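We name chains A, B, ... by the order of the sequence lines, and we start the count at 1 in each one. Since we're looking at a predicted model, the values are computed, not measured.
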Number of protein chains: 2
Amino acid sequence: MSQNQTAETPQRILDAAEALFVEFGLEATTLRQITAAAQVNLAAVNYHFGSKEALIAELFRRRLSWLNEQRLQQLDRLDAQAQGRPLKPSQIVDAFFGVAVRMAADRVGGGHNFMRLLGRTYTEPAAFVRSFLAAEDSKTIARFKAALIKSLPDVPPEEIFWRFHFMLGAMSYAISGADALSILADVSLDDSDGEALMARLMSFLIGGLRAPLPALLTNLQQATPTPRAARAPKRRSGGAALQPHS
Amino acid sequence: MSQNQTAETPQRILDAAEALFVEFGLEATTLRQITAAAQVNLAAVNYHFGSKEALIAELFRRRLSWLNEQRLQQLDRLDAQAQGRPLKPSQIVDAFFGVAVRMAADRVGGGHNFMRLLGRTYTEPAAFVRSFLAAEDSKTIARFKAALIKSLPDVPPEEIFWRFHFMLGAMSYAISGADALSILADVSLDDSDGEALMARLMSFLIGGLRAPLPALLTNLQQATPTPRAARAPKRRSGGAALQPHS
DNA sequence: GTAGAATTCAAACAATCGTTTCAAACGCAT
DNA sequence: ATGCGTTTGAAACGATTGTTTGAATTCTAC
């Protein structure tokens, strides 16, 4: 037994876990699912990684470090050839989001699965996930925000922060792609073409980033009713609530 | 005992569950947490709702029905006073996203909690959640998409679908707000002003929606390395992987 | 007040979770 | 081949999960 075929056990576990986490979520995916898919023993996860949490952390770390490395290299390249002059916002946006979307377009290497997972994770409730996400991303984000501020001297930094945040959301949903979109659209959209998605997303992002500043001190609330909680009108239609089994 | 103070048991359960789901997620939140927070007996959830899944469904239903009702009313109002002429895209966007953001600004009625939960749920892995999300939203989404298509006759419908999707993502992150933003920004942004957030988001959305169409048949891949999975370089720094307890 | 339905309560249910255990199998230097 | 550290294997661990049970309690109508 134990042919140790091509990849060693930790790699197999990471790859299997990545696919399952996308499908079922971090919490709902069990170690038994993962080890079964990876064709390794159940105890292998705790042996090689120490715990499920450590497995998740390592899973994100190996991809995020590569992703942010590429982003910073791209920004360095642009900075070098700009020779001190401020970059165009579209260049900065492309360096940050373009690398991510191109990674998401990589279906065979697993990048697609990971990016779908990552987009969801920025709003993940689990505290430990957000903590190492922040640790991995903070340096990169800081450099890109600084570049954007320098690139858009007429836009207040706080406004840039928010728009960067909005762009992250748009990218996240763009990568989640057909999953959530199939809810909304009766037609099935073709999201297999990563380059086309990239082009769509990029023009949207630039349009939003360069939009005219909001007139903050304008018309207050319009004729909209107060958004209170809807009192639940009636719960069940038919019979009483006696022992609602099955 | 059993003072049955102000709200009856099902309401108390729904309100408590809503707050806990935002904080810990749908799966990670236990019925014992919920019933303890609502100060009701553990069995009350299964008695009144039938199961945890049914509780979640009812929780989303009571808010979503109200939300989509308001959206459609707003669109009806605009349609009526437009008298057949196509609406401005900003009007349509405001009718759809404005109602949501204003609901998210309602912190006392629980709307804030729910909208944070909703934004995350569109990318939720759990199948049963997405199914009734689709059921609740499909009619509303269809009407708004039709309005947008009519409002933007020069933009291909498929492009509008995608941009609508991007807008949903931006709104989701906008509402998640300071949670995810605190990862990215060292400064603490003030997201307490719902009207200011609304203004920021709306100008971003309109800018993205009205952005020039991407030149789809342009430059192909640039000088970016192939986004393969990074081979995990080294896992642990120090000692061996023998019994890594604690 | 009393009967009967609706609700609440404490306790237990089977199932499944992440984790641990310890012996067996393996890899590899000598 | 021998010895030893590394990895795998099957089985069990305690804890926690959603759910169910059946008796007590409260509520409502007569």
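Atom pair Asn41(A):CG and dG9(D):P shows a separation of 5 Å (rounding to whole Å applied). With rounding to whole Å, Ile34(B) atom CD1 is found 11 Å from dT17(D) atom P. Atom CD1 in Ile13(A) sits about 11 Å away from atom C1' in dT8(D), given to the nearest Å. Between the CD atom of Glu8(A) and the P atom of dT8(D) there is a distance of 10 Å, rounded to whole Å.
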Identify the pairs formed between an N or O of the protein and an N or O of nucleotides 14-18 of chain C at a distance under 3.5 Å, and give each distance.
unit_1	atom_1	unit_2	atom_2	d
dG18(C)	OP1	Lys52(A)	NZ	2.9
dG18(C)	OP2	Leu31(A)	N	3.0
dG18(C)	N7	Arg32(A)	NH1	3.0
dG18(C)	O6	Arg32(A)	NH2	2.9

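Ring to ring, Phe144(A) and Phe164(A) are not that close: their centroids are 6.0 angstrom or more apart. Remark: aromatic rings of Tyr173(B) and Tyr173(A) are distant, center separation not under 6.0 Å.
Nucleic acid contact class of Ala43(A) (heavy atoms, under 4.0 Å, all strands): base.
Figure legend: cation-pi geometry between Arg71(B) and Phe96(B), with NZ or CZ positioned under 6.0 Å from the six-membered ring centre and within 45° of its axis.
Contact annotation: His48(A) side-chain N/O to dT6(D) OP1/OP2 distance is not under 4.0 Å.
The residues Asp137(B) and Arg130(B) are annotated as not salt-bridged, no charged nitrogen and carboxylate oxygen being separated by less than 4.0 angstrom.
Under the 30°/60° scheme for interplanar angles, the aromatic rings of Phe204(A) and Phe204(B) are found to stand perpendicular.
Among the nucleotides dT21(C), dA6(C), dT6(D), the one closest to the side chain of Tyr47(B) is dA6(C).
Across all their heavy atoms, Ile13(A) and Phe49(A) have their closest contact at CG2-CE1, 3.9 Å.
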